[in-house]
A.B. asks: 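The structure under discussion is supplied below as structure tokens; questions concerning it will follow.
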Amino acid sequence: MSFVRACATRDLEEDTPHRVELDGVSVSVVRTAGEVFAINDICSHANVSLSEGEVEDCQIECWLHGSSFDLRTGKPSGLPATRPVPVYPVKIVGDDVLVSVTQES
């Protein structure tokens with residue numbers, strides 16, 4: 001697994017998604033409930049940015065149609081989305097948030 005720097009922890013406001021581009025992948029990085037999560041930024045139902053939505057109870061909501069995705073698993077919690085979105089491993093090293101969007105063999 002290869003980790004790359006996504007942002008600094010100080011760049012993350014509680015419950016406010018932070019969009020970054022890592023190795024050509026749009027990722028939403030979110031600090032909530034004392035943890036940092038990384039989830040694919042594109043809704044599985046419509047091609048819109050999840051980072052424009054709201055975060056509550058470890059869920060990120062798509063602003064367009066209201067589907068919410070669990071930040072830990074990527075699974076949708078209700079319609080219209082039926083497919084999960086990828087989630088990515090996160091490591092905090094000092095003030096850096098590192099995310100792995102690729103798997104190495």
Side-chain angles (χ1 to χ4, degrees):
M1 214 177 297
S2 176
F3 285 84
V4 295
R5 185 182 187 277
C7 60
T9 56
R10 68 181 170 274
D11 295 335
L12 300 175
E13 295 181 39
E14 186 77 10
D15 296 330
T16 302
H18 181 75
R19 185 180 185 280
V20 295
E21 191 84 14
L22 303 173
D23 294 334
V25 178
S26 296
V27 177
S28 183
V29 181
V30 180
R31 180 192 344 225
T32 187
E35 294 186 67
V36 177
F37 300 94
I39 189 167
N40 192 284
D41 190 49
I42 305 302
C43 178
S44 63
H45 169 255
N47 191 23
V48 298
S49 174
L50 291 175
S51 64
E52 294 178 33
E54 296 185 15
V55 173
E56 186 175 340
D57 297 328
C58 217
Q59 304 263 331
I60 189 167
E61 182 181 54
C62 177
W63 63 269
L64 187 60
H65 295 114
S67 288
S68 288
F69 298 88
D70 189 301
L71 290 168
R72 297 164 291 219
T73 65
K75 293 181 181 177
S77 61
L79 298 173
T82 58
R83 291 177 291 128
V85 294
V87 295
Y88 307 109
V90 173
K91 288 195 305 191
I92 307 296
V93 177
D95 188 44
D96 292 330
V97 177
L98 306 177
V99 176
S100 176
V101 294
T102 58
Q103 295 260 44
E104 293 180 351
S105 317

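Fair warning: this is a prediction, and the values are worked out from it, not measured in the lab.
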A.B. asks: Look at the side-chain heavy atoms of Ile, Leu, Val, Met, Phe, Trp and Tyr, link any pair under 4.5 Å apart, and say whether Val30 and Phe69 land in one connected group.
C.D. replies: yes
A.B. asks: Ignoring hydrogens, what is the shortest heavy-atom contact between Tyr88 and Asn40? Give both atom names and the distance.
C.D. replies: OH-ND2, 2.9 Å
A.B. asks: Determine whether Val36 and Leu22 fall in the same hydrophobic cluster, where Ile, Leu, Val, Met, Phe, Trp and Tyr are linked whenever their side-chain heavy atoms lie under 4.5 Å apart.
C.D. replies: yes
A.B. asks: Without swapping roles, check the side chain of Ser44 against the backbone of Arg83 for a donor-acceptor pair under 3.5 Å.
C.D. replies: yes
A.B. asks: So Thr32 and Glu14, do their side chains get closer than 4.5 Å, heavy atoms only?
C.D. replies: yes
A.B. asks: Roughly how far apart are Leu64 CG and Cys43 SG, rounded to 0.5 Å?
C.D. replies: 7.5 Å
A.B. asks: So if you build clusters from Ile, Leu, Val, Met, Phe, Trp, Tyr with side-chain heavy-atom gaps below 4.5 Å, do Val99 and Leu12 land together?
C.D. replies: yes
A.B. asks: Just by distance, do the side chain of Glu61 and the backbone of Val55 share a donor-acceptor pair under 3.5 Å?
C.D. replies: no
A.B. asks: Examine distances only and state if a side-chain atom of Asp41 and a backbone atom of Ser51 form a donor-acceptor pair shorter than 3.5 Å.
C.D. replies: yes
A.B. asks: If you take all heavy atoms of Ile39 and Gly74, which pair is closest and at what distance?
C.D. replies: CD1-CA, 4.1 Å
A.B. asks: Could you state the interatomic distance from CG (Asp95) to CZ (Arg5), rounded to the nearest 0.5 Å?
C.D. replies: 7.5 Å
A.B. asks: First locate atom CD of Glu35, then atom SG of Cys58, and finally report the distance between them rounded to the nearest 0.5 Å.
C.D. replies: 6.5 Å
A.B. asks: Do Val27 and Val85 sit in one hydrophobic cluster, given that two such residues count as connected whenever their side-chain heavy atoms are within less than 4.5 Å of each other, even indirectly?
C.D. replies: no
A.B. asks: Return the minimal non-hydrogen interatomic distance between Leu50 and Pro17, and the atom names on each side.
C.D. replies: O-CG, 4.4 Å
A.B. asks: Do you know the tightest heavy-atom contact between Arg72 and Val87?
C.D. replies: O-CG2, 3.7 Å
A.B. asks: Evaluate the criterion side chain to side chain contact (heavy atoms under 4.5 Å, CB included) for residue pair Leu71 and Gln59; output intermediate values, then yes/no.
C.D. replies: CA-CA 5 Å; Leu71 290 168; Gln59 304 263 331; over 6 Å; no
A.B. asks: At what distance, to the nearest 0.5 angstrom, does CZ of Arg19 lie from OG of Ser28?
C.D. replies: 9.0 Å
A.B. asks: Please report the closest heavy-atom contact between Arg31 and Thr9, naming both atoms and the distance.
C.D. replies: NH2-O, 2.6 Å
A.B. asks: If every non-hydrogen atom of Pro76 is compared with every non-hydrogen atom of Thr82, which pair is closest and at what distance?
C.D. replies: CG-C, 3.8 Å
A.B. asks: Among Val20, Asp23, Leu98, which residue satisfies the side-chain contact (heavy atoms from CB on, under 4.5 Å) criterion with Val4?
C.D. replies: Asp23
A.B. asks: Using a cut-off of 6.0 Å, state whether more than 12 heavy atoms not belonging to Glu56 lie near its atom CD.
C.D. replies: no
A.B. asks: Under a single-linkage definition using a 4.5 Å side-chain heavy-atom cutoff for Ile, Leu, Val, Met, Phe, Trp and Tyr, are Ile42 and Val25 assigned to the same hydrophobic cluster?
C.D. replies: no
A.B. asks: Short question: side chain of Ser100, backbone of Ser2 - any donor-acceptor pair under 3.5 Å?
C.D. replies: yes
